There are 4 protein chains.
Amino acid sequence: MRNLRNSVQLIGNVGSAPEVKAFDSGRVKATCSIATNSSYKNQKGEKIEETQWHNLVFWGKLAEVVSEYVKKGNEIAIEGKLIHRAYDGPKGEKRYITEITVNDMMMLGGKKR
Amino acid sequence: MRNLRNSVQLIGNVGSAPEVKAFDSGRVKATCSIATNSSYKNQKGEKIEETQWHNLVFWGKLAEVVSEYVKKGNEIAIEGKLIHRAYDGPKGEKRYITEITVNDMMMLGGKKR
Amino acid sequence: MRNLRNSVQLIGNVGSAPEVKAFDSGRVKATCSIATNSSYKNQKGEKIEETQWHNLVFWGKLAEVVSEYVKKGNEIAIEGKLIHRAYDGPKGEKRYITEITVNDMMMLGGKKR
Amino acid sequence: MRNLRNSVQLIGNVGSAPEVKAFDSGRVKATCSIATNSSYKNQKGEKIEETQWHNLVFWGKLAEVVSEYVKKGNEIAIEGKLIHRAYDGPKGEKRYITEITVNDMMMLGGKKR
DNA sequence: TTTT
DNA sequence: TTTT
(Lines give C-alpha, C1' and ligand atoms only; values in the text may rest on other atoms or scores of the structure.)
Protein backbone atom coordinates (compact mmCIF):
# COMPACT_ATOMS: atom_id res chain seq x y z
CA MET A 1 0.00 0.00 0.00
CA ARG A 2 3.06 2.20 0.20
CA ASN A 3 2.72 3.69 -3.22
CA LEU A 4 -0.67 5.22 -2.76
CA ARG A 5 0.11 6.86 0.57
CA ASN A 6 3.44 8.45 -0.26
CA SER A 7 4.56 8.89 -3.84
CA VAL A 8 6.78 11.46 -5.56
CA GLN A 9 7.49 11.81 -9.30
CA LEU A 10 10.28 14.03 -10.57
CA ILE A 11 11.75 14.74 -13.98
CA GLY A 12 15.02 16.65 -13.97
CA ASN A 13 18.75 16.72 -14.51
CA VAL A 14 21.35 14.95 -12.41
CA GLY A 15 23.66 17.39 -10.60
CA SER A 16 26.81 15.29 -10.33
CA ALA A 17 28.08 11.77 -10.79
CA PRO A 18 26.21 9.37 -8.46
CA GLU A 19 28.04 8.26 -5.32
CA VAL A 20 28.01 4.52 -4.86
CA LYS A 21 28.61 2.57 -1.68
CA ALA A 22 28.73 -1.20 -1.25
CA PHE A 23 27.93 -2.47 2.23
CA ASP A 24 29.48 -5.54 3.84
CA SER A 25 26.09 -7.19 3.60
CA GLY A 26 26.40 -6.99 -0.17
CA ARG A 27 23.74 -4.32 -0.43
CA VAL A 28 24.53 -1.43 -2.78
CA LYS A 29 23.41 2.16 -2.32
CA ALA A 30 23.69 5.00 -4.83
CA THR A 31 22.89 8.65 -4.21
CA CYS A 32 22.71 11.71 -6.40
CA SER A 33 20.85 14.98 -6.55
CA ILE A 34 18.51 16.10 -9.26
CA ALA A 35 17.37 19.59 -10.27
CA THR A 36 13.80 20.27 -11.26
CA ASN A 37 13.31 23.55 -13.10
CA SER A 38 10.18 25.60 -13.40
CA SER A 39 9.38 29.16 -14.33
CA TYR A 40 6.54 31.48 -13.52
CA LYS A 41 5.69 35.15 -13.87
CA ASN A 42 5.73 37.25 -10.74
CA GLN A 43 3.36 40.11 -9.98
CA LYS A 44 5.47 42.49 -12.06
CA GLY A 45 5.17 40.15 -15.02
CA GLU A 46 8.83 39.16 -14.88
CA LYS A 47 9.72 35.59 -15.70
CA ILE A 48 11.28 33.90 -12.68
CA GLU A 49 13.32 30.73 -13.03
CA GLU A 50 13.19 28.46 -10.04
CA THR A 51 15.32 25.39 -9.45
CA GLN A 52 14.70 22.83 -6.74
CA TRP A 53 17.39 20.31 -5.79
CA HIS A 54 16.29 16.94 -4.46
CA ASN A 55 18.30 14.15 -2.82
CA LEU A 56 17.76 10.73 -4.35
CA VAL A 57 18.65 7.36 -2.82
CA PHE A 58 18.73 4.14 -4.85
CA TRP A 59 19.15 0.63 -3.44
CA GLY A 60 20.03 -2.77 -4.82
CA LYS A 61 19.60 -3.48 -8.50
CA LEU A 62 18.51 0.09 -9.20
CA ALA A 63 21.66 1.42 -7.51
CA GLU A 64 23.76 -0.73 -9.82
CA VAL A 65 21.97 0.57 -12.89
CA VAL A 66 22.46 4.14 -11.69
CA SER A 67 26.16 3.64 -10.93
CA GLU A 68 26.73 2.26 -14.41
CA TYR A 69 24.60 4.47 -16.63
CA VAL A 70 23.62 7.73 -14.94
CA LYS A 71 26.02 10.61 -15.59
CA LYS A 72 26.14 14.24 -14.53
CA GLY A 73 23.67 16.26 -16.57
CA ASN A 74 21.48 13.35 -17.66
CA GLU A 75 17.75 13.90 -17.69
CA ILE A 76 15.96 11.24 -15.69
CA ALA A 77 12.46 10.50 -14.42
CA ILE A 78 11.97 8.89 -11.02
CA GLU A 79 9.16 7.66 -8.79
CA GLY A 80 9.83 7.24 -5.09
CA LYS A 81 8.88 7.75 -1.49
CA LEU A 82 9.39 10.96 0.45
CA ILE A 83 11.44 10.43 3.60
CA HIS A 84 12.48 12.93 6.28
CA ARG A 85 15.09 11.75 8.75
CA ALA A 86 17.36 13.04 11.47
CA TYR A 87 21.04 12.29 11.98
CA ASP A 88 23.78 13.56 14.25
CA GLY A 89 26.03 16.32 12.93
CA PRO A 90 29.79 16.55 13.67
CA LYS A 91 29.17 18.50 16.89
CA GLY A 92 26.50 16.12 18.10
CA GLU A 93 23.68 18.40 17.00
CA LYS A 94 20.58 17.05 15.30
CA ARG A 95 20.46 17.55 11.58
CA TYR A 96 17.53 16.92 9.29
CA ILE A 97 17.49 15.73 5.73
CA THR A 98 14.79 15.02 3.21
CA GLU A 99 15.42 12.27 0.70
CA ILE A 100 13.50 10.35 -1.91
CA THR A 101 13.93 6.60 -1.82
CA VAL A 102 13.56 5.75 -5.49
CA ASN A 103 11.38 2.82 -6.59
CA ASP A 104 11.63 3.34 -10.32
CA MET A 105 13.95 5.28 -12.66
CA MET A 106 14.02 5.99 -16.39
CA MET A 107 16.70 7.67 -18.43
CA LEU A 108 15.13 10.09 -20.87
CA GLY A 109 16.18 11.23 -24.33
CA GLY A 110 17.07 7.95 -25.95
CA LYS A 111 20.43 6.33 -26.52
CA LYS A 112 22.10 9.55 -27.63
CA ARG A 113 22.57 10.37 -24.00
CA MET B 1 4.57 21.95 -17.16
CA ARG B 2 5.07 22.06 -13.44
CA ASN B 3 3.01 19.05 -12.64
CA LEU B 4 5.00 16.56 -14.64
CA ARG B 5 8.39 17.71 -13.35
CA ASN B 6 7.63 17.84 -9.65
CA SER B 7 4.59 16.13 -8.19
CA VAL B 8 3.87 14.55 -4.81
CA GLN B 9 0.78 12.61 -3.74
CA LEU B 10 0.12 11.80 -0.10
CA ILE B 11 -2.71 10.17 1.80
CA GLY B 12 -2.58 10.55 5.55
CA ASN B 13 -3.92 12.02 8.76
CA VAL B 14 -3.73 15.64 9.80
CA GLY B 15 -1.63 16.09 12.95
CA SER B 16 -3.21 19.23 14.37
CA ALA B 17 -5.65 21.99 13.50
CA PRO B 18 -4.46 23.96 10.45
CA GLU B 19 -2.85 27.34 11.10
CA VAL B 20 -4.33 30.09 8.98
CA LYS B 21 -2.81 33.46 8.16
CA ALA B 22 -4.37 36.29 6.16
CA PHE B 23 -1.91 38.67 4.55
CA ASP B 24 -2.50 42.39 4.03
CA SER B 25 -2.68 41.67 0.32
CA GLY B 26 -5.78 39.60 0.99
CA ARG B 27 -4.00 36.37 0.24
CA VAL B 28 -4.71 33.51 2.65
CA LYS B 29 -2.24 30.81 3.66
CA ALA B 30 -2.99 27.66 5.64
CA THR B 31 -0.46 25.15 6.94
CA CYS B 32 -0.70 21.81 8.62
CA SER B 33 1.27 18.62 8.87
CA ILE B 34 0.16 15.18 7.83
CA ALA B 35 1.36 11.75 8.87
CA THR B 36 1.78 8.97 6.35
CA ASN B 37 1.94 5.57 7.98
CA SER B 38 3.45 2.42 6.57
CA SER B 39 4.61 -0.85 8.00
CA TYR B 40 7.12 -3.44 6.90
CA LYS B 41 8.80 -6.51 8.30
CA ASN B 42 12.45 -6.22 9.22
CA GLN B 43 15.06 -8.95 8.77
CA LYS B 44 13.99 -10.55 12.03
CA GLY B 45 10.41 -10.73 10.79
CA GLU B 46 9.19 -8.12 13.24
CA LYS B 47 6.53 -5.70 12.05
CA ILE B 48 7.88 -2.16 12.06
CA GLU B 49 5.56 0.83 11.98
CA GLU B 50 6.99 3.88 10.29
CA THR B 51 5.46 7.33 10.30
CA GLN B 52 6.58 10.22 8.15
CA TRP B 53 5.45 13.77 8.92
CA HIS B 54 5.11 16.19 6.03
CA ASN B 55 4.60 19.97 6.05
CA LEU B 56 1.76 21.15 3.83
CA VAL B 57 1.14 24.69 2.59
CA PHE B 58 -2.17 25.77 1.04
CA TRP B 59 -2.87 29.12 -0.64
CA GLY B 60 -5.94 31.07 -1.67
CA LYS B 61 -9.24 29.31 -2.12
CA LEU B 62 -7.77 25.99 -1.03
CA ALA B 63 -6.49 27.59 2.19
CA GLU B 64 -9.99 28.79 2.95
CA VAL B 65 -11.46 25.32 2.42
CA VAL B 66 -8.78 23.86 4.69
CA SER B 67 -9.34 26.42 7.42
CA GLU B 68 -13.07 25.71 7.40
CA TYR B 69 -13.27 21.93 7.04
CA VAL B 70 -10.00 20.21 7.90
CA LYS B 71 -9.72 19.10 11.51
CA LYS B 72 -7.08 17.30 13.55
CA GLY B 73 -7.13 13.60 12.76
CA ASN B 74 -8.92 13.88 9.40
CA GLU B 75 -7.72 11.66 6.60
CA ILE B 76 -6.94 13.66 3.48
CA ALA B 77 -5.37 13.11 0.06
CA ILE B 78 -3.22 15.83 -1.50
CA GLU B 79 -1.28 16.51 -4.68
CA GLY B 80 1.41 19.16 -4.63
CA LYS B 81 4.90 20.33 -5.42
CA LEU B 82 7.97 19.50 -3.37
CA ILE B 83 9.80 22.63 -2.21
CA HIS B 84 13.01 22.94 -0.20
CA ARG B 85 13.81 26.41 1.13
CA ALA B 86 16.15 28.16 3.51
CA TYR B 87 15.28 30.77 6.11
CA ASP B 88 17.12 32.55 8.92
CA GLY B 89 16.83 31.09 12.40
CA PRO B 90 16.64 33.19 15.59
CA LYS B 91 20.46 33.36 15.88
CA GLY B 92 20.93 34.31 12.26
CA GLU B 93 21.85 30.78 11.26
CA LYS B 94 20.54 29.19 8.10
CA ARG B 95 17.73 26.73 8.54
CA TYR B 96 16.22 24.46 5.97
CA ILE B 97 12.70 23.26 5.57
CA THR B 98 10.93 20.99 3.13
CA GLU B 99 7.31 21.76 2.34
CA ILE B 100 4.67 20.65 -0.11
CA THR B 101 2.77 23.42 -1.82
CA VAL B 102 -0.60 21.79 -2.31
CA ASN B 103 -2.42 22.06 -5.66
CA ASP B 104 -5.34 19.79 -4.87
CA MET B 105 -6.88 18.34 -1.71
CA MET B 106 -9.64 15.85 -0.94
CA MET B 107 -11.17 14.92 2.36
CA LEU B 108 -11.61 11.17 2.58
CA GLY B 109 -14.24 9.08 4.29
CA GLY B 110 -17.29 11.20 3.71
CA LYS B 111 -19.13 13.54 6.02
CA LYS B 112 -19.13 11.04 8.85
CA ARG B 113 -15.73 12.41 9.76
CA MET C 1 10.31 0.68 -15.26
CA ARG C 2 6.64 0.01 -15.87
CA ASN C 3 5.34 2.42 -13.33
CA LEU C 4 6.83 5.54 -14.81
CA ARG C 5 5.67 4.81 -18.35
CA ASN C 6 2.06 3.89 -17.67
CA SER C 7 0.41 4.75 -14.39
CA VAL C 8 -3.18 5.56 -13.44
CA GLN C 9 -4.50 6.70 -10.06
CA LEU C 10 -8.20 6.73 -9.30
CA ILE C 11 -10.30 7.48 -6.23
CA GLY C 12 -13.92 6.47 -6.47
CA ASN C 13 -16.79 4.24 -5.44
CA VAL C 14 -17.21 0.59 -6.29
CA GLY C 15 -20.27 -0.03 -8.46
CA SER C 16 -21.08 -3.60 -7.50
CA ALA C 17 -19.70 -6.56 -5.57
CA PRO C 18 -16.36 -7.72 -7.05
CA GLU C 19 -16.46 -10.82 -9.24
CA VAL C 20 -13.85 -13.38 -8.25
CA LYS C 21 -12.51 -16.22 -10.34
CA ALA C 22 -9.98 -18.87 -9.30
CA PHE C 23 -8.02 -20.47 -12.14
CA ASP C 24 -6.85 -24.05 -12.22
CA SER C 25 -3.33 -22.75 -11.89
CA GLY C 26 -4.27 -21.44 -8.47
CA ARG C 27 -4.15 -17.85 -9.63
CA VAL C 28 -7.01 -15.63 -8.46
CA LYS C 29 -8.54 -12.75 -10.39
CA ALA C 30 -11.02 -10.20 -9.12
CA THR C 31 -12.79 -7.54 -11.16
CA CYS C 32 -15.03 -4.64 -10.36
CA SER C 33 -15.88 -1.24 -11.72
CA ILE C 34 -15.44 2.07 -10.01
CA ALA C 35 -17.07 5.42 -10.59
CA THR C 36 -15.09 8.64 -10.48
CA ASN C 37 -17.28 11.68 -10.07
CA SER C 38 -16.47 15.23 -10.96
CA SER C 39 -18.46 18.37 -11.52
CA TYR C 40 -17.89 21.53 -13.51
CA LYS C 41 -19.84 24.56 -14.64
CA ASN C 42 -20.80 24.76 -18.28
CA GLN C 43 -20.91 27.92 -20.35
CA LYS C 44 -24.37 28.72 -19.04
CA GLY C 45 -23.09 28.51 -15.49
CA GLU C 46 -24.98 25.31 -14.75
CA LYS C 47 -23.35 22.70 -12.58
CA ILE C 48 -22.79 19.51 -14.54
CA GLU C 49 -22.14 16.21 -12.78
CA GLU C 50 -19.98 13.80 -14.73
CA THR C 51 -19.35 10.18 -13.85
CA GLN C 52 -16.76 7.97 -15.45
CA TRP C 53 -16.88 4.19 -14.98
CA HIS C 54 -13.59 2.28 -15.05
CA ASN C 55 -12.94 -1.48 -15.20
CA LEU C 56 -10.48 -2.72 -12.61
CA VAL C 57 -8.64 -6.05 -12.61
CA PHE C 58 -6.86 -7.42 -9.54
CA TRP C 59 -4.59 -10.47 -9.44
CA GLY C 60 -3.18 -12.73 -6.75
CA LYS C 61 -2.94 -11.51 -3.19
CA LEU C 62 -4.64 -8.23 -4.05
CA ALA C 63 -7.56 -10.12 -5.63
CA GLU C 64 -8.01 -12.04 -2.39
CA VAL C 65 -8.06 -8.87 -0.34
CA VAL C 66 -10.62 -7.36 -2.72
CA SER C 67 -12.85 -10.42 -2.65
CA GLU C 68 -12.87 -10.39 1.13
CA TYR C 69 -13.15 -6.72 2.01
CA VAL C 70 -14.38 -4.63 -0.91
CA LYS C 71 -18.14 -4.14 -1.04
CA LYS C 72 -20.51 -2.29 -3.35
CA GLY C 73 -20.38 1.43 -2.62
CA ASN C 74 -16.99 1.43 -0.87
CA GLU C 75 -14.65 4.31 -1.63
CA ILE C 76 -11.24 3.06 -2.71
CA ALA C 77 -8.01 4.45 -4.13
CA ILE C 78 -6.06 2.48 -6.70
CA GLU C 79 -2.85 2.74 -8.70
CA GLY C 80 -2.49 0.64 -11.82
CA LYS C 81 -1.61 0.25 -15.46
CA LEU C 82 -3.83 1.25 -18.36
CA ILE C 83 -4.49 -1.66 -20.73
CA HIS C 84 -6.48 -1.76 -23.96
CA ARG C 85 -7.21 -5.20 -25.36
CA ALA C 86 -9.30 -6.90 -28.00
CA TYR C 87 -11.40 -10.03 -27.65
CA ASP C 88 -13.88 -11.88 -29.80
CA GLY C 89 -17.57 -11.12 -29.30
CA PRO C 90 -20.36 -13.75 -29.53
CA LYS C 91 -20.68 -13.25 -33.31
CA GLY C 92 -16.97 -13.48 -33.90
CA GLU C 93 -16.59 -9.72 -34.17
CA LYS C 94 -13.70 -7.89 -32.55
CA ARG C 95 -14.51 -6.09 -29.36
CA TYR C 96 -12.33 -3.71 -27.45
CA ILE C 97 -12.08 -3.13 -23.76
CA THR C 98 -10.03 -0.82 -21.60
CA GLU C 99 -9.04 -2.06 -18.16
CA ILE C 100 -6.77 -1.04 -15.35
CA THR C 101 -4.56 -3.76 -13.96
CA VAL C 102 -4.28 -2.68 -10.34
CA ASN C 103 -0.90 -2.67 -8.56
CA ASP C 104 -2.00 -1.12 -5.30
CA MET C 105 -5.33 -0.55 -3.55
CA MET C 106 -6.45 1.23 -0.41
CA MET C 107 -9.83 1.28 1.23
CA LEU C 108 -10.71 4.78 2.33
CA GLY C 109 -12.75 6.02 5.24
CA GLY C 110 -11.72 3.62 7.96
CA LYS C 111 -13.50 0.60 9.35
CA LYS C 112 -16.77 2.46 9.71
CA ARG C 113 -17.44 1.49 6.15
CA MET D 1 -10.43 18.05 -7.03
CA ARG D 2 -10.29 16.44 -10.46
CA ASN D 3 -6.66 15.59 -10.39
CA LEU D 4 -6.74 13.43 -7.31
CA ARG D 5 -9.75 11.40 -8.41
CA ASN D 6 -8.72 10.61 -11.97
CA SER D 7 -5.14 11.01 -13.11
CA VAL D 8 -3.03 9.21 -15.73
CA GLN D 9 0.67 9.64 -16.45
CA LEU D 10 2.25 8.22 -19.58
CA ILE D 11 5.70 8.37 -21.12
CA GLY D 12 5.94 7.12 -24.68
CA ASN D 13 6.40 7.81 -28.37
CA VAL D 14 3.98 9.60 -30.63
CA GLY D 15 2.58 7.33 -33.34
CA SER D 16 1.87 9.86 -36.08
CA ALA D 17 1.67 13.58 -36.71
CA PRO D 18 -0.98 15.17 -34.48
CA GLU D 19 -4.31 16.02 -36.11
CA VAL D 20 -5.42 19.55 -35.41
CA LYS D 21 -8.90 20.98 -35.70
CA ALA D 22 -9.98 24.57 -35.14
CA PHE D 23 -13.62 25.07 -34.17
CA ASP D 24 -15.75 28.03 -35.15
CA SER D 25 -15.73 29.07 -31.52
CA GLY D 26 -11.99 29.59 -31.83
CA ARG D 27 -11.22 26.59 -29.69
CA VAL D 28 -8.43 24.33 -30.92
CA LYS D 29 -8.22 20.57 -30.47
CA ALA D 30 -5.28 18.33 -31.25
CA THR D 31 -5.22 14.54 -31.09
CA CYS D 32 -2.54 11.92 -31.43
CA SER D 33 -1.77 8.47 -30.19
CA ILE D 34 1.15 7.42 -28.06
CA ALA D 35 2.76 4.03 -27.55
CA THR D 36 3.94 2.91 -24.16
CA ASN D 37 6.33 -0.03 -24.23
CA SER D 38 7.05 -2.51 -21.52
CA SER D 39 8.61 -5.93 -21.36
CA TYR D 40 8.28 -8.82 -18.99
CA LYS D 41 9.29 -12.47 -18.81
CA ASN D 42 6.55 -15.04 -19.25
CA GLN D 43 6.34 -18.36 -17.43
CA LYS D 44 8.75 -19.92 -19.91
CA GLY D 45 11.28 -17.21 -19.19
CA GLU D 46 10.89 -15.62 -22.61
CA LYS D 47 11.07 -11.85 -22.85
CA ILE D 48 7.76 -10.47 -24.09
CA GLU D 49 7.52 -6.97 -25.53
CA GLU D 50 4.17 -5.34 -25.02
CA THR D 51 3.01 -2.09 -26.57
CA GLN D 52 -0.10 -0.20 -25.54
CA TRP D 53 -1.53 2.54 -27.75
CA HIS D 54 -3.39 5.39 -26.06
CA ASN D 55 -5.54 8.15 -27.57
CA LEU D 56 -4.61 11.65 -26.41
CA VAL D 57 -6.72 14.80 -26.71
CA PHE D 58 -5.29 18.29 -26.21
CA TRP D 59 -7.29 21.52 -26.01
CA GLY D 60 -6.53 25.21 -26.27
CA LYS D 61 -3.02 26.46 -25.69
CA LEU D 62 -1.69 22.93 -25.23
CA ALA D 63 -3.20 21.91 -28.58
CA GLU D 64 -1.36 24.76 -30.26
CA VAL D 65 1.94 23.72 -28.69
CA VAL D 66 1.35 20.14 -29.82
CA SER D 67 0.44 21.15 -33.37
CA GLU D 68 3.61 23.19 -33.66
CA TYR D 69 6.23 21.06 -31.93
CA VAL D 70 5.16 17.45 -31.57
CA LYS D 71 6.24 15.19 -34.43
CA LYS D 72 5.81 11.51 -35.19
CA GLY D 73 8.24 9.48 -33.11
CA ASN D 74 8.86 12.11 -30.42
CA GLU D 75 9.07 10.91 -26.85
CA ILE D 76 6.67 12.82 -24.62
CA ALA D 77 5.38 12.70 -21.06
CA ILE D 78 1.77 13.59 -20.32
CA GLU D 79 -0.57 13.89 -17.37
CA GLY D 80 -4.30 13.76 -17.98
CA LYS D 81 -7.74 12.46 -17.18
CA LEU D 82 -9.10 9.10 -18.26
CA ILE D 83 -12.34 9.43 -20.22
CA HIS D 84 -14.58 6.72 -21.70
CA ARG D 85 -17.27 7.91 -24.09
CA ALA D 86 -19.78 6.59 -26.59
CA TYR D 87 -20.48 7.88 -30.06
CA ASP D 88 -22.55 6.76 -33.03
CA GLY D 89 -20.81 4.72 -35.71
CA PRO D 90 -21.56 5.02 -39.46
CA LYS D 91 -24.38 2.48 -39.22
CA GLY D 92 -25.95 4.12 -36.21
CA GLU D 93 -24.45 1.58 -33.82
CA LYS D 94 -22.94 2.61 -30.51
CA ARG D 95 -19.17 2.75 -30.42
CA TYR D 96 -16.97 3.24 -27.43
CA ILE D 97 -13.67 4.99 -27.14
CA THR D 98 -11.25 5.64 -24.32
CA GLU D 99 -9.26 8.86 -24.42
CA ILE D 100 -6.99 10.83 -22.18
CA THR D 101 -7.73 14.53 -21.95
CA VAL D 102 -4.27 15.94 -21.40
CA ASN D 103 -3.64 18.56 -18.71
CA ASP D 104 0.14 18.77 -19.02
CA MET D 105 2.71 17.70 -21.62
CA MET D 106 6.48 17.68 -21.79
CA MET D 107 8.73 16.89 -24.69
CA LEU D 108 11.59 14.70 -23.56
CA GLY D 109 15.14 14.44 -24.75
CA GLY D 110 16.06 18.07 -25.20
CA LYS D 111 16.08 20.22 -28.30
CA LYS D 112 17.89 17.63 -30.36
CA ARG D 113 14.54 16.08 -31.04
C1' DT E 1 1.22 15.93 16.14
C1' DT E 2 -2.33 11.63 13.16
C1' DT E 3 -4.33 6.99 12.19
C1' DT E 4 -5.02 1.56 12.23
C1' DT F 1 -23.48 0.09 -11.30
C1' DT F 2 -21.23 4.17 -7.01
C1' DT F 3 -21.07 8.45 -4.16
C1' DT F 4 -22.05 13.58 -2.50
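Everything numeric here is computed off the predicted structure, so don't read it as measured data. A note on names: the letters A, B, ... follow the listed sequences, proteins ahead of strands, and every chain is numbered from 1.
- Here C:R85 pairs with C:E99 in a salt bridge; the nearest charged N to carboxylate O distance falls below 4.0 Å.
- Here A:T36 pairs with A:H54 under the side-chain hydrogen bond (donor to acceptor under 3.5 Å, both in side chains) rule; sequence neighbours left out.
- A distance-only check finds a donor-acceptor pair linking the side chain of B:Q52 to the backbone of A:H84 [under 3.5 Å].
- C:K72 has its NZ atom 7 Å from the P atom of F:dT3, to the nearest Å.
- At whole-Å resolution of the value, CG in C:L108 and C1' in F:dT4 are 15 Å apart.
- Distance B:E75 CD to E:dT1 P: 21 Å, rounded to the nearest Å.
- Side-chain atoms of C:N37 come within donor-acceptor range of the base of F:dT3, with a qualifying N/O pair under 3.5 Å.
- With sequence neighbours excluded, the residues that form a side-chain hydrogen bond (donor to acceptor under 3.5 Å, both in side chains) with B:K94 are B:D88.
- Judged by distance alone, with hydrogens and angles left aside, the side-chain atoms of C:N13 form no donor-acceptor pair with the main-chain N or O of C:A35 at under 3.5 Å.
- In this structure, the CE atom of C:M106 is 11 Å from the C1' atom of E:dT4, given to the nearest Å.
- At whole-Å resolution of the value, CD1 in C:I76 and P in F:dT1 are 19 Å apart.
- Between the side chain of B:N13 and the base of E:dT4 there is no donor-acceptor pair of N/O atoms closer than 3.5 Å.
- Distance CD1 (C:I34) to P (F:dT3): 13 Å, rounded to an integer number of Å.
- Separating the CD1 atom of C:I11 from the C1' atom of F:dT2 is a distance of 15 Å, rounded to the nearest angstrom.
- Looking at residues 45-60 of chain B, you'll see B:T51, B:W53 sit with a heavy atom under 4.0 Å from some atom of DNA chain E.
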Stepwise side chain to side chain donor-acceptor pair (under 3.5 Å) test for B:E79 and B:S7:
CA-CA 7 Å; B:E79 189 278 333; B:S7 178; 2.7 Å; yes
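- Rounded to a whole Å, the NZ atom of B:K71 is 16 Å from the C1' atom of E:dT2.
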